[in-house]
Structure formats: C-alpha cells, structure tokens
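Here's the structure, in structure tokens; my notes come after.
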Amino acid sequence: MIELFKEDIRMQHRQSSKGNQMKWLKNNMWYKADYTGYEGLSEYVVSGLLGKSTLDSNSFQTYDTEKIKYGRTEYLGCKSDNFLPDGWQMITLERLFMSTYGQSLNKSIYTISKIEERLRFLVDQTVRITGLQGFGTYMCQLLTIDAFFLNEDRHTHNIAVLIDAEGRYQYCPIFDNGGCLLSDTMMDYPLDIDPLLLMNEVESKTFSRSFDEQLDVAEKLYGYSIKFNFNDSDTKELMDRESNYSDEVKARITTVLNQQRRKYSYLFV
C-alpha cells in the first residue's frame with residue numbers, strides 16, 4: 001500500500017466521459033484511484049496483454065495495481081511510471097485543435113457525415129499541426145485496442161501527443177485504458193448481470209458508436225496495425241500475479257477476453 005498526501009494530488013486536464021479519477025504524482029510515479037469500478041485492474045490487464053502483442057514495449061504504458069491510502073480512505077487503483085521526458089508535456093488532440101484553430105475537434109468531426117472521412121479528418125489535421133506522418137497507423141493501433149478490449153472512453157480529450165518547449169512533437173505512449181473490460185460496475189455494467197449481455201451495450205466514442213465500424217474504417221485506410229499472441233494460460237498467469245482484486249471481477253474479465261479472442265481471431269498470430 002502507498003500512502004499519499006495533499007501535496008501529491010494532481011488535477012487532471014483530461015476529462016473522462018464519466019468524471020475524473022483522483023490522481024497523484026509521487027517519486028515520479030503516477031497513482032490513480034478507482035472511480036466507478038475496477039479501472040486499475042483494467043489498466044493492469046490491458047497493458048499486460050499488450051506486452052503479448054507486436055507493439056514495441058516503448059509504445060504503450062505499463063500499469064500495476066496498487067492499494068492507495070489518502071487521508072482516512074483506502075482505494076484500489078493502479079500505478080505507472082511517469083513517461084514524460086524532461087521538458088516535455090502532454091497535450092490532448094482536443095486542446096491541440098482548439099489552440100490551433102479555436103474550434104472543438106470533437107464537434108468538427110461530427111459535422112462530417114461519412115465515418116471514413118471523420119477519421120481521415122482527425123488524422124490529417126493532427127499531421128498538419130504536428131508533422132507526425134504516421135499518425136494514421138497510431139490511430140489504427142488505438143482503435144484496434146479499443147475494439148478488442150471494449151474501451152468506452154477514447155474520445156478527443158483522451159488521445160494525446162507530446163510537445164516540448166520548442167514546439168517539437170512526439171508520439172504519446174498508449175495509455176489510460178481504465179475504461180475497458182466493463183470496468184464501470186457502479187453505473188453501466190453491474191457485476192450481477194451476464195457480461196456477454198453487457199458487451200453488446202458498450203459503445204465507442206472516437207468518431208462512431210460502433211467499435212467494429214471504427215476499426216473497419218481504420219484498417220481500410222491505414223492497414224492492420226497489431227497482432228496479439230496470448231492464450232488462456234497467459235491470461236490466467238496475469239490474473240494469478242494480481243492480488244488486490246476479487247476473483248469475481250477477474251472471472252468476468254476472463255469471460256470478456258475469451259469472447260473477444262473468438263470474435264477477433266484474425267488479430268492473433
């Protein structure tokens with residue numbers, strides 16, 4: 001368990017669709033408390049399984065679960081290294097577009113009727129501002145992860161790049177996957193309902209409500225971007241190493257992953 005104090009707490013500039021988790025920075029480590037369910041376990045599982053993919057290990061943030069004591073309250077949550085290089089800061093695509101054009105990127109996207117053109121607009125505008133020429137591939141990676149792990153919280157406030165004081169840009173490691181795997185047990189995905197039923201209710205938020213529609217468009221425009229290489233034993237090992245969350249929650253996540261492996265079998269090597 002880590003004990004955290006007022007001087008460690010940090011305000012978030014990135015707004016989740018369901019509110020903001022409490023977040024702290026201490027000894028160059030970030031800590032996040034669960035807000036609507038088991039976000040910390042979701043971060044741990046997703047990053048662990050991305051380690052069983054064709055992504056470079058530097059291209060995504062790794063999380064571990066943690067018990068957090070703050071004041072008189074104890075929380076479950078997660079921790080991660082601070083991935084920002086010295087002199088760099090993170091800026092979301094929403095803030096980047098607003099600071100450049102004085103308009104909301106999210107609202108601009110939804111003035112476009114065709115789904116394919118929405119993604120093309122997001123990518124082209126980001127490349128125009130940042131010069132990051134491979135941003136279409138990066139977006140395809142995000143959308144593949146979101147579809148497979150059912151991330152309901154990937155909107156333009158939750159996609160980011162890195163910028164330094166001289167205005168140079170870098171890719172941001174893939175991070176913030178707490179909204180995956182039916183983690184919101186308080187409002188939308190209660191534990192007493194069959195997860196296979198709940199999976200049909202999850203909607204994406206980037207530029208379409210359909211994960212498959214988003215992914216189909218991304219693969220059409222920018223090709224296939226990730227292959228996974230994990231099986232039941234890998235999932236079990238990941239769950240067995242984690243000691244903070246209940247077996248009930250872990251069993252639900254395992255059910256979701258098994259269903260998604262069947263659905264997206266083409267993503268596996």
Side-chain angles (χ1 to χ4, degrees), residues 16-21 32-53 63-67 75-78 115 142-155 158 174 176-216 218-219 226-268:
S16 166
S17 60
K18 296 185 178 183
N20 282 332
Q21 293 173 272
K32 291 192 296 184
D34 289 349
Y35 183 65
T36 62
Y38 51 81
E39 294 98 326
L41 182 60
S42 176
E43 297 277 23
Y44 164 79
V45 170
V46 173
S47 67
L49 294 179
L50 290 182
K52 300 284 187 178
S53 76
Y63 293 84
D64 203 352
T65 63
E66 182 63 275
K67 289 183 177 179
Y75 302 90
L76 286 179
C78 61
I115 302 298
L142 284 181
L143 297 173
T144 303
I145 293 167
D146 292 348
F148 186 85
F149 294 105
L150 296 175
N151 188 351
E152 63 168 354
D153 199 34
R154 186 82 67 195
H155 44 79
N158 208 2
I174 295 168
D176 210 350
N177 292 298
C180 296
L181 300 170
L182 308 179
S183 66
D184 175 8
T185 59
M186 290 179 59
M187 293 186 282
D188 290 335
Y189 314 115
L191 282 171
D192 59 353
I193 298 179
D194 185 344
L196 297 180
L197 296 177
L198 293 173
M199 291 171 70
N200 295 323
E201 300 178 7
V202 188
E203 295 183 345
S204 57
K205 290 187 174 68
T206 314
F207 58 91
S208 166
R209 291 183 178 180
S210 167
F211 288 107
D212 289 339
E213 189 172 47
Q214 289 190 157
L215 185 54
D216 288 346
E219 290 173 342
I226 303 179
K227 289 289 186 178
F228 293 103
N229 185 22
F230 66 87
N231 54 31
D232 291 342
S233 296
D234 296 314
T235 303
K236 183 178 185 303
E237 180 183 353
L238 194 64
M239 297 299 186
D240 288 345
R241 287 204 308 265
E242 201 288 318
S243 59
N244 293 318
Y245 288 84
S246 70
D247 290 340
E248 180 184 20
V249 167
K250 292 177 183 178
R252 178 157 96 155
I253 288 179
T254 299
T255 297
V256 172
L257 290 173
N258 288 340
Q259 177 69 13
Q260 294 300 84
R261 282 173 55 207
R262 287 188 287 270
K263 179 178 180 179
Y264 294 104
S265 59
Y266 76 96
L267 292 175
F268 283 76

Got Val249 and Thr185 here, is their nearest side-chain heavy-atom distance under 4.5 Å?
-> no
Salt bridge check: are Asp232 and Lys236 linked by an N-O gap of less than 4.0 Å?
-> no
Is it true that Asp146 and Lys205 make a salt bridge, defined as a side-chain N closer than 4.0 Å to a carboxylate O?
-> no
Of the non-hydrogen atoms in Leu143 and Ala218, which two are nearest, and what is the gap between them?
-> CD1-CB, 3.8 Å
Residue pair Asp188 / Glu201: nearest heavy atoms and the distance that separates them = O-OE1, 4.3 Å
Validation row: Lys32, Glu39 side chains within 4.5 angstrom (heavy atoms) = no
Contact summary for Asp153 and Asn151, nearest pair of heavy atoms = N-OD1, 2.9 Å
May I ask you to check whether Phe211 and Phe148 place their ring centers less than 6.0 Å from one another?
-> no
Shortest non-hydrogen pair, Thr65 vs Gly40, comes out as CG2-O, 3.8 Å
Does the side chain of Asn244 come under 3.5 Å of the side chain of Tyr38 through a donor N or O and an acceptor N or O?
-> no
Residues Gln21 and Ala33: closest non-hydrogen pair is NE2-O, 2.9 Å
Salt-bridged, Glu242 to Lys250, with N to O below 4.0 Å?
-> yes
Ring centres under 6.0 angstrom apart (Phe228, Phe268) = yes
May I ask you to check whether over 12 heavy atoms, not counting those of Asp247, lie within 6.0 Å of atom CG?
-> no
Are Glu219 and Tyr266 linked by a side-chain donor-acceptor pair shorter than 3.5 Å?
-> yes
Sole residue of Val256, Leu50, Leu182 in side chain to side chain contact (heavy atoms under 4.5 Å, CB included) with Phe149 = Leu50
Where Cys78 and Glu43 come nearest, the two heavy atoms and their spacing | SG-CG, 3.9 Å
Pairwise side-chain contact, Ile226 with Leu267, heavy-atom cut-off 4.5 Å (strictly under) = no
Would a 4.5 Å heavy-atom cut-off, applied to side chains only, mark Glu237 and Phe230 as touching?
-> no
Verify the neighbour count for atom CZ of Arg209: are there more than 12 heavy atoms of other residues, nucleotides or ligands below 6.0 Å?
-> no
Take Asn177 and Tyr63 through the test side chain to side chain contact (heavy atoms under 4.5 Å, CB included) and record every step on the way to the result.
-> CA-CA 10 Å; Asn177 292 298; Tyr63 293 84; 5.6 Å; no
Within a strict 4.5 Å, meaning less than it, do heavy atoms of the Leu181 and Leu150 side chains meet?
-> no
